[in-house]
Amino acid sequence: MYKYLIIFCSLLVFLTDVKAQTDSLKNEKLPEVVVTAEGQIEMSNKTLLIPTQLEKKHSANGFNLLYLMQTPDLEVSARTRSITTHSGGEVVLCINGMEALPEDVASLSAKTIRTIEYIRTPSGKYAGKAGLVNFVTIKMNYGGNVYLSANEGFAYKSGEYLAFADFNKKRYSLSLTAIGDWHRDHSYTGGNDMFTFSDKSVLERNYNDESSLKKNNGQAIRLRLTSMGNSHRLNTYVGFTRQATPNTNTIQSISYTEPYGTTRRTIANNSQSIAPSAYVNYTLWLPKEQAFDITASASMGHNKYYSLYAETEQSSLSSKVIEDNFVLNGNIRYSKTLKNSLTLTGVLSNDYKHYTDDYAGTAMGKQQLTSNVTVGLLQLSKYSEKYYYYVSAGLSNTAVSLNSVHDNYCIPVAFYGGNYAINRKHSFSLDGLFTHTLFEPSEKNSMVVPTSFFEATCGNPDIVPMKVLGNTLSYNGQIGKLHLSLSYDSNIYFDNIVHQYTANTNTIFDTRINGGTFYGNIFSVSCTYNLLNEHLRLNATTIEECNTLRGSAYNMSHNSLRIKSGLVYLAGEWMFSFDYLTPYKSLDIRQPWLINRRPTYEWKANWTHKSLTIEALARNPFSRYDKQHITMEYGCYNRNSWNFSDADGRNINLTLTYNFNYGKKSERGEIEVNKNIDSAIMKMY
């Protein structure tokens, strides 16, 4: 661990010719001579990524393009539609300055992307995020884009489909997006567990799945209208999302110590969720460098969940839950630029959620949970050619009502960040925060739900949010064709939420509690290098992770090292790529548990001709299942299990994409189809 810190600090001292970047999104003009000179330009408030025609030619959408550009401090996966930092930090996605979802970037034609802005220390409404990526597209007077994509999985059987079409005329844009997916998952578990009850009696369980099948599908649709003026912007949409798991069946063979012996367990469940939603955002730019922004969204949800648990010689357990929820979010922001490029910003936001759960079956009851989070922040920022910084501080108040019990949490919060740019090829950045997390609604719960004849899950009505102190220091630079990124992430979670297992004479209880403090440190070194006139691209990343958990329930630490590497080769209309991740052992802080992960391999072959793209992918071809070994001693419960993941195992996928532009220079905006449905349900299994 220390050798990486010494190398990191030495490089920071040596590379004293650097350039930084960050901030929330601003409209800025870049001199033409700069744009045509380099593919990556470090600025004081952001990094400007300029794709080449070669990169656009071999990319079907925004994810493909950013992956091909090989930005060293970002992890990009077109398969999972995700962009993160190497430490797993969340990166906000935007298109033309408007927040977008993964489906939006997945339907964004690479040919329409002009530049990509990467902000390592986002401020304003995005303060606290690990980064922000903004795709800037070509502007046109009228016309639009049609994008169709279908992905079929042949080993892990699945299908994902995306259709998008928009029409733009002058300052107005109308778009329609539809997505659908289905999966047939045969994942299963096996292991050897030991349970010790309060009377010192011991029960050992050996188990393995004989068969397992989970079917699920989802659909979402969204209609959006935007209006762009010289001094205002309006973005509004309505959407509808449906998710369903019509059939899940698992059969396990289980061997207990006496008196239970050998049994067979059968678990069946199904669920269905629907959620209509609406969203509106209005931005007004006022005279004297003032801006006003208001955002509001609302959604309703109706969720049904049913399960049946049967085990030989034991009473069957059943659960039926019907939940209705309502979510309302609002955000108001005002900013004013003062003298010397100082900007003062005030933000007030409110998130309201209400859940009503009706439980029937073995565990019966009714619960009402309401959470209301209000945050007020005052921010000061300054921008110059060489540096940028911001400091934002305020209060967060969380009011929670669980049935007739009311709790209130008032916590100070602060966000800060800065960048320093010495030249266009080097930059330093610091991103920090002190804030809190929001508990999962299913955790703050008063229900006790049995999961077997001797196990039960307990909600904890006394659980509180975790306070978080986090800092990320990074260097990014270019030395010839070598692009280099070094970063150090430090995170401290106070009142860390973990599982605690307790026992009486016949039952093991699983409860989420605030158990101690977690200290996390991640060192990463990443580099990319281009050869053969940019046709061959190599990348490698080394990550050292040092985690410590201290508290009355757990006192443990673990260090892990993993290496990622890959290459991309472009030839004519073909693109070939290979990515590899070494095996490693890590500490999961939320359970907690120690987990051994196997190596990951991924091959891709991509053929692009005009508007048509065909991609073949093979992932982890040597085993049908991704096998993960989990071990942990919880006191009354010793876990030694294996997870066999069908979705993360052998994948052989074929993706067909067709997109075309029509009209005369149009501008694409944001698409917001959200497939996630909010739920507070505590499930039996």
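Position 1 is the first residue of the sequence; numbering continues from there.
Contact detail for Leu348 and Gly376: the closest heavy-atom pair is CD1-CA, 4.2 Å. Closest non-hydrogen pair, Phe135 versus Gly62, comes out as CE2-O, 3.8 Å. Counting all heavy atoms, side chain and backbone alike, Phe63 lies closest to Ser82 at CE2-N, 3.7 Å. Summarising the geometry of Ser277 relative to Ser299, their closest heavy-atom pair is CB-CB, 3.8 Å, with the distance given to 0.1 Å. Closest approach of Gly128 and Tyr390 over heavy atoms only: N-OH, 4.3 Å. Shortest non-hydrogen contact noted between Asn216 and Arg184 is O-NH1, 4.1 Å.
In this structure, Asn134 contributes its side chain and Glu117 its backbone to no donor-acceptor pair below 3.5 Å. Judged by distance alone, with hydrogens and angles left aside, the side-chain atoms of Ser307 form no donor-acceptor pair with the main-chain N or O of Ser318 at under 3.5 Å. No donor-acceptor pair under 3.5 Å is formed between the side chain of Gln367 and the backbone N or O of Asp358. Looking at Arg114, its side chain never comes within 3.5 Å of a backbone N or O of Val136 through a donor-acceptor pair. Ser212 contributes no side-chain N or O that, together with a main-chain N or O of Tyr188, makes up a donor-acceptor pair within less than 3.5 Å.
Checking each of Asn235, Leu234, Val238 against Val280 for a side-chain contact (heavy atoms from CB on, under 4.5 Å) leaves exactly one that passes, namely Leu234. Each of Asn659, Thr177, Asn61, Asn661 was scored for a side-chain hydrogen bond (donor to acceptor under 3.5 Å, both in side chains) with Tyr147, with one residue passing: Asn61. Here the rule is side-chain contact (heavy atoms from CB on, under 4.5 Å) with Val146, and of Phe167, Phe164, Phe660, Tyr658 only Phe660 fits it.
When side chains are defined from C-beta on, Val468 counts as touching Thr437, because their heavy atoms get closer than 4.5 Å. No side-chain heavy atom of Asn269 sits under 4.5 Å from any side-chain heavy atom of Asn249. Counting only heavy atoms from C-beta outward, the side chains of Val498 and Asn496 approach each other to under 4.5 Å. Under the 4.5 Å side-chain criterion, counting only non-hydrogen atoms from C-beta, Val400 is not in contact with Thr370. In this structure, the side chains of Thr71 and Val76 stay at 4.5 Å or more apart for every pair of heavy atoms. Within the 4.5 Å cutoff, the side chain of Leu74 has no heavy atoms near those of the Thr84 side chain. A heavy-atom distance below 4.5 Å is found between the side chains of Lys320 and Tyr306. Taking the side chain as every heavy atom from C-beta outward, Tyr305 and Tyr359 never approach each other to under 4.5 Å.
In this structure, OG in Ser158 is found 6.5 Å from CG in Asn651, a value given to the nearest 0.5 Å. Note: Ser273 OG to Asn325 CG = 9.0 Å, rounded to the nearest 0.5 Å. Distance check: Asn491 CG to Ser87 OG gives 7.0 Å after rounding to the nearest 0.5 Å. Taken to the nearest 0.5 Å, the OG atom of Ser59 stands 11.0 Å off from the CG atom of Leu108.
Listed by chain and number, the residues in a ring pair (Phe, Tyr, Trp, His ring centres under 6.0 Å) with Tyr172 amount to none (sequence neighbours excluded). Residues forming a ring pair (Phe, Tyr, Trp, His ring centres under 6.0 Å) with Tyr334 (at least two apart in sequence, or on another chain): none. Not counting sequence neighbours, Lys111 has no partner by the salt bridge (Lys or Arg N to Asp or Glu O under 4.0 Å) test. The salt bridge (Lys or Arg N to Asp or Glu O under 4.0 Å) test applied to Asp626 returns no partner, not counting sequence neighbours. Legend: residues meeting salt bridge (Lys or Arg N to Asp or Glu O under 4.0 Å) with Arg233, ordered by chain and number and at least two apart, are absent. Asp324 pairs by the side-chain contact (heavy atoms from CB on, under 4.5 Å) definition with His302, not counting sequence neighbours.
Under the 3.5 Å distance criterion, with hydrogens and angles disregarded, no donor-acceptor pair is assigned to the side chains of Asn247 and Asn270. For Asn303 and Gln272, the side-chain atoms include no donor-acceptor pair closer than 3.5 Å. In this model, no donor atom of one side chain and acceptor atom of the other lie less than 3.5 Å apart for Ser109 and Asn145. Side chains of Thr655 and Asn151: a donor-acceptor N/O pair is present below 3.5 angstrom, by distance only. Between the side chains of His499 and Thr511, no donor-acceptor pair is found at a separation under 3.5 Å. Side-chain contact check for Thr283 and Asp293: at least one donor-acceptor pair (N or O, by modelled atom type) lies under 3.5 Å. Side-chain polar atoms of Arg171 and Asn230 form no donor-acceptor pair below 3.5 angstrom. At a cut-off of 3.5 Å, with distance as the only test, no side-chain donor of His186 or Asp646 sits close to an acceptor on the other residue. Checked by atom type, the side-chain pair Asp510/Thr457 shows no donor-acceptor distance below 3.5 Å. Looking at Asn372 and Asp351, their side chains never bring a donor and an acceptor atom within 3.5 Å of each other. Glu75 and Thr85 share no donor-acceptor pair across their side chains, judged by distance under 3.5 Å alone. Judged purely by distance below 3.5 Å, without hydrogens or angles, the side chains of Arg222 and Ser175 pair a donor atom with an acceptor atom.
With respect to the salt-bridge test (charged N to carboxylate O, under 4.0 angstrom), the residues Glu152 and Lys157 do not qualify. With salt bridges taken as basic N to acidic carboxylate O contacts below 4.0 Å, none links Asp185 and Lys214. Ion pairing between Asp357 and Lys366 fails under the 4.0 Å rule for side-chain N and carboxylate O.
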For salt bridge (Lys or Arg N to Asp or Glu O under 4.0 Å), just list the numbers for Lys467 and Asp495, CA-CA rounded to whole Å, side-chain angles, deciding distance to a tenth of an Å, and then say yes or no. CA-CA 7 Å; Lys467 300 181 184 68; Asp495 301 315; 3.5 Å; yes
Check the pair Arg333 / Thr345 against side chain to side chain contact (heavy atoms under 4.5 Å, CB included), numbers first and verdict last. CA-CA 7 Å; Arg333 188 162 42 103; Thr345 304; 3.8 Å; yes
Please lay out, stage by stage, how Ser396 and His436 fare under the test side chain to side chain contact (heavy atoms under 4.5 Å, CB included). CA-CA 9 Å; Ser396 173; His436 66 88; 2.7 Å; yes
Thr189 and Asn643: side-chain hydrogen bond (donor to acceptor under 3.5 Å, both in side chains), yes or no, with the steps? CA-CA 5 Å; Thr189 60; Asn643 288 342; 5.3 Å; no
Trace of the side chain to side chain contact (heavy atoms under 4.5 Å, CB included) decision for Leu101 with Arg81: CA-CA 9 Å; Leu101 292 176; Arg81 297 175 181 173; over 6 Å; no
Begin with the C-alpha distance, continue with both residues' side-chain angles, and end with the deciding distance and a verdict on side chain to side chain contact (heavy atoms under 4.5 Å, CB included) for Leu174 and Asp166. CA-CA 6 Å; Leu174 182 67; Asp166 69 347; over 6 Å; no
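Using bins of under 30°, 30° to 60° and over 60° for the plane-to-plane angle, the ring pair Tyr352/His354 lands in the parallel bin.
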